[in-house]
Novice: 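Next up is a structure, given as structure tokens.
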Amino acid sequence: MVCNAAGPIRIPRVGPKLEKAVNRSEKAEAIVELNQIFKDANLMVVTRQTGLTVQEVTDLRRKVRAAGASYTVAKNRLTLRALEGTSFTALGSLFKGPTAIAYSKDPVAAAKVIAAFAKDNEKLTIVGGALGENTLDVAGVQALATLPSLDALRGKIIGLLQAPATKVAVVLAAPAGQVARVFAAYGAKEDSAKAA
């Protein structure tokens with residue numbers, strides 16, 4: 001008890017019951033947050049990391065963030081509860097041991113970065129993943145990582161769409177150019193005939 005001018009003030013003791021209540025509310029918030037992340041994501045890659053140093057994890061997170069994806073280590077029990085009601089519920093069996101997840105809205109971004117990092121660092125292994133409701137094994141995630149990114153595909157499509165338009169313009173311009181050259185030739189011929 002502490003006394004001040006108004007009288008004694010009771011300071012509650014922090015005991016196990018209060019700590020459990022705080023932990024439960026924090027866990028519930030974490031589950032809701034993860035659930036929303038999973039609903040927004042198109043791709044999820046589940047990894048197992050054993051022995052990664054803090055520097056390696058920081059480097060991995062920086063690379064993942066640069067690709068427009070996210071990487072997080074979450075408790076398996078909380079992750080399993082957060083998967084409920086999302087398209088990734090089939091991945092529940094993969095969450096055993098020290099797992100981490102990479103996720104992105106882009107259908108290949110997370111897979112590209114994780115596959116490249118796992119290739120150079122044997123402490124990180126790909127366990128599986130899912131693209132929407134389609135579950136992927138390790139080979140599926142690695143195959144997905146070889147595809148071009150969504151932006152690269154968009155660029156190729158735009159290039160393909162613009163190429164025919166350019167060719168059409170050239171073909172349409174060619175007859176007009178030929179007609180102009182014929183008129184110029186007739187004009188030159190008439191000029192030479194008048195001069196003679």
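From a predicted model like this one, the values you see are computed outputs, not experimental measurements.
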Novice: Is Leu124 reachable from Met44 through a run of hydrophobic residues whose side-chain heavy atoms are each under 4.5 Å from the next?
Specialist: no
Novice: Would you say Val45 and Phe117 are hydrophobically clustered, going by side-chain heavy atoms of ILVMFWY under 4.5 Å?
Specialist: yes
Novice: According to a 4.5 Å side-chain heavy-atom criterion applied to Ile, Leu, Val, Met, Phe, Trp and Tyr, with indirect links allowed, do Val113 and Leu131 form part of one hydrophobic cluster?
Specialist: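 Cluster IDs for Val113 and Leu131 match.
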Novice: Which residue pairs pass the salt bridge (charged side-chain N to carboxylate O under 4.0 Å, His left out) test with at least one member in residues 139-148, sequence neighbours excluded?
Specialist: none
Novice: Between Asn76 and Gly97, is there a donor-acceptor pair closer than 3.5 Å when you use the side chain of the first and the backbone of the second?
Specialist: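 Side chain of Asn76 to backbone of Gly97: a pair is present.
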Novice: List the steps, then state whether side-chain contact (heavy atoms from CB on, under 4.5 Å) holds for Leu144 with Leu147.
Specialist: CA-CA 6 Å; Leu144 191 62; Leu147 294 175; 3.7 Å; yes
Novice: List, by chain and number, the other hydrophobic cluster members for Leu78, where Ile, Leu, Val, Met, Phe, Trp and Tyr join if side-chain heavy atoms come within less than 4.5 Å, directly or indirectly.
Specialist: Ile31
Novice: Name the atoms and distances for all side-chain donor-acceptor pairs under 3.5 Å in residues 62-73, with sequence neighbours left out.
Specialist:
residue : atom : partner : partner atom : Å
Arg62   : NH2  : Asp59   : OD1          : 2.7
Lys63   : NZ   : Asp59   : OD2          : 3.4
Tyr71   : OH   : Gln49   : OE1          : 2.7

Novice: Which salt bridge (charged side-chain N to carboxylate O under 4.0 Å, His left out) pairs, counting each pair once, include a residue from residues 31-54, with sequence neighbours left out?
Specialist: none
Novice: Can Val141 and Ile114 be said to form a side-chain contact (heavy atoms from CB on, under 4.5 Å), step by step?
Specialist: CA-CA 9 Å; Val141 172; Ile114 294 298; 5.9 Å; no
Novice: Could you list the donor-acceptor pairs under 3.5 angstrom formed by side chains in residues 79-92, with sequence neighbours left out?
Specialist:
residue : atom : partner : partner atom : Å
Thr79   : OG1  : Lys75   : O            : 2.8
Thr86   : OG1  : Leu83   : O            : 2.6
Thr86   : OG1  : Phe88   : N            : 3.3

Novice: Output every pair passing salt bridge (charged side-chain N to carboxylate O under 4.0 Å, His left out) with a member in residues 115-124, not counting sequence neighbours, ordered by first then second residue.
Specialist: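 Passing the test, one end in residues 115-124: Glu56-Lys123.
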Novice: Taking all non-hydrogen atoms of both residues into account, name the closest pair between Val138 and Ile126 and its distance.
Specialist: CG2-O, 3.2 Å
Novice: Does the Thr47 side chain pair with the main chain of Ala100, one donor and one acceptor, at a distance under 3.5 Å?
Specialist: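 Between the backbone of Ala100 and the side chain of Thr47 there is a qualifying donor-acceptor contact (under 3.5 Å).
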Novice: Could you state whether Phe38 and Phe95 fall into the same hydrophobic cluster, counting links through intermediate Ile, Leu, Val, Met, Phe, Trp or Tyr residues with side-chain heavy atoms under 4.5 angstrom apart?
Specialist: yes
Novice: Kindly give the heavy-atom pair with the smallest separation between Thr146 and Ala143, and that separation in Å.
Specialist: OG1-O, 2.6 Å
Novice: Measure from the side-chain N and O atoms of Thr99 to the backbone N and O of Lys96, and report whether any donor-acceptor pair falls under 3.5 Å.
Specialist: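 Checking the backbone N and O of Lys96 against the side chain of Thr99, no donor-acceptor pair under 3.5 Å is found.
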